[in-house]
Amino acid sequence: MGEVPLRQLASAERRTQASQRLRFADNRLCALLFGQHQLHLARIEQQLPVSLIARGNEVWVQGESEEAVAQAAAVLERLYRELERGISIGREEVDAALRLVRGEAEPGRSQRLLFELQIKTERRTVLPRSPNQAHYLRALWRHDLVFALGPAGTGKTYLAVAAAVAMLRERRVDRIILSRPAVEAGERLGFLPGDLREKVDPYLRPLYDALHDMLPEGRLAARIESGQIEIAPLAFMRGRTLANAFVILDEAQNTTRLQMKMFLTRLGENGRMVVTGDPSQVDLPPGTPSGLADAVDRLGRLPGVAVVRFGREDVVRHPLVARIIEAYERPSDRGEVQEGDVG
């Protein structure tokens, strides 16, 4: 009869057999690390099978496995290092650290995942928030041509703009050129009111928004006025040679094969190009192949070219966005053809 309680005790010991104590030097930073009412610690407990007990500047981590305890400790240590660098943290940063730590644990992932990799612009420091974002940042620094494919909210354009601003600031390039094809949901520029600038500005607004996050308003206006930063429709790229420039083509799934070839062959000496797009959101006329898919197929294995593919697990917007993307990826209950399935 006495064996049952002993087995239960042994089982309980196995469930909490792993533990680790963390001690941080700055009590003020610890308060920020734990979060108001220890909400950051609660978030980690929700995502990992661990229990966190904080006292003063110490955290006692207990869990069902050494791996879970090590992951929780790594999350806390990474977030503390962010605070030491003057970066504020909230729920998004906690979730980002969790994604990065889990990515390190995946087979084939390098343990040096470049979590420490950061891009400093005049207004903010940009850090990767998922394993794929970390690899994307590395590709942006190492390759002359980078293709970034994936759904909205994965940071494809935002990180590319951050890298471009950082390289301009470090004088590794002389100018930034941001472009988009003026194709959206079947509309044509000729039917829109206003002059040419008024017609194309709505298509380029997401690029302006990203730049506003990186540069003070006056500095951005001055760089645009001087020509250091240029934002233009894809059609304006024809006939140019883009040397000493960081060039970004956004929404590239809406280019034709000929448009993509024209754009890519603009690359000049000491130039860099980033091509971003979501192959599931093609707005070209039915039957028109996407230049993005064609280019990745033709060029993806060439030296100097990197292809980074993002998934819904990399979405860093509101958590509901990832679930929305997942719902749209499933076949419709009514058996309808989904718009994104074309191309």
Visitor: Shortest non-hydrogen contact from Pro279 to Gly277?
Guide: CD-O, 3.6 Å

Visitor: Is any side-chain heavy atom of Leu264 closer than 4.5 Å to one of Leu299?
Guide: yes

Visitor: Are Val161 and Tyr208 co-members of a hydrophobic cluster defined by side-chain heavy atoms under 4.5 Å apart?
Guide: yes

Visitor: Are Phe34 and Ile53 connected into the same hydrophobic cluster when the rule is that any two of I, L, V, M, F, W, Y join if their side-chain heavy atoms are below 4.5 Å apart?
Guide: no

Visitor: If you round to the nearest 0.5 Å, how far is CD of Glu64 from OG of Ser51?
Guide: 11.0 Å

Visitor: Mind listing the closest non-hydrogen atom pair of Pro151 and Arg312 along with its distance?
Guide: CG-N, 4.2 Å

Visitor: Is any side-chain heavy atom of Val315 closer than 4.5 Å to one of Thr154?
Guide: yes

Visitor: Does any N or O in the side chain of Glu93 come within less than 3.5 Å of the main-chain N or O of Gly90, such that one atom is a donor and the other an acceptor?
Guide: yes

Visitor: Are any of the side-chain heavy atoms of Gln133 and Asp314 separated by less than 4.5 Å?
Guide: no

Visitor: Ser179 pairs by side chain to side chain contact (heavy atoms under 4.5 Å, CB included) with which of Asp250, Ile248, Leu234?
Guide: Leu234

Visitor: Once rounded to the nearest 0.5 Å, what's the spacing between atom CD of Glu251 and atom NZ of Lys156?
Guide: 7.5 Å

Visitor: Can you tell me if Leu258 has over 12 outside heavy atoms packed within less than 6.0 Å of its CG?
Guide: no

Visitor: With clusters defined by side-chain heavy atoms of hydrophobic residues (ILVMFWY) lying less than 4.5 Å apart, directly or transitively, does Leu83 cluster with Leu39?
Guide: no

Visitor: Considering residues, nucleotides and ligands other than Glu66, do more than 12 of their heavy atoms fall under 6.0 Å from its CD?
Guide: no

Visitor: Is Gln46 atom CD crowded by more than 12 heavy atoms from other residues, nucleotides or ligands, each under 6.0 Å away?
Guide: yes

Visitor: For a 4.5 angstrom cut-off between non-hydrogen side-chain atoms, does Tyr158 reach Asp209?
Guide: no

Visitor: Could you check whether any side-chain N or O of Arg272 sits under 3.5 Å from a backbone N or O of Trp141, counting only pairs where one atom can act as donor and the other as acceptor?
Guide: yes

Visitor: Please determine whether the number of non-hydrogen atoms from other residues, nucleotides or ligands lying under 6.0 Å from atom CD of Glu225 exceeds 12.
Guide: no

Visitor: So, Arg43 versus His40: side-chain donor-acceptor pair below 3.5 Å or not?
Guide: no

Visitor: Mind checking the OG1-NZ spacing from Thr256 to Lys261? Nearest 0.5 Å is all I need.
Guide: 11.5 Å

Visitor: Find out whether Val126 and Met214 are in side-chain contact, i.e. whether some heavy atom of one side chain is under 4.5 Å from a heavy atom of the other.
Guide: yes

Visitor: Please check if the number of heavy atoms outside Arg309 that lie under 6.0 Å from its CZ is greater than 12.
Guide: no

Visitor: What's the spacing between Phe236 CZ and Ile177 CD1 if we round to 0.5 Å?
Guide: 13.0 Å

Visitor: Within a strict 4.5 Å, meaning less than it, do heavy atoms of the Val275 and Met260 side chains meet?
Guide: yes

Visitor: Answer yes or no: is there a side-chain heavy-atom contact under 4.5 Å between Phe24 and Leu29?
Guide: no

Visitor: As an exercise, state the distance from CD1 of Ile224 to CD1 of Ile231, rounded to the nearest 0.5 Å.
Guide: 4.5 Å

Visitor: Of the non-hydrogen atoms in Val69 and Gly63, which two are nearest, and what is the gap between them?
Guide: CG2-N, 3.4 Å

Visitor: Check Ala166 against Ile119 and note the closest heavy-atom contact, atom names and distance.
Guide: CB-CG2, 3.5 Å

Visitor: Show the nearest heavy-atom pair for residues Glu217 and His212, with the distance to one decimal.
Guide: OE1-CE1, 2.7 Å

Visitor: Are any of the side-chain heavy atoms of Val247 and Val274 separated by less than 4.5 Å?
Guide: no

Visitor: To the nearest 0.5 Å, what is the distance between CG on Leu267 and CG on Leu242?
Guide: 8.0 Å

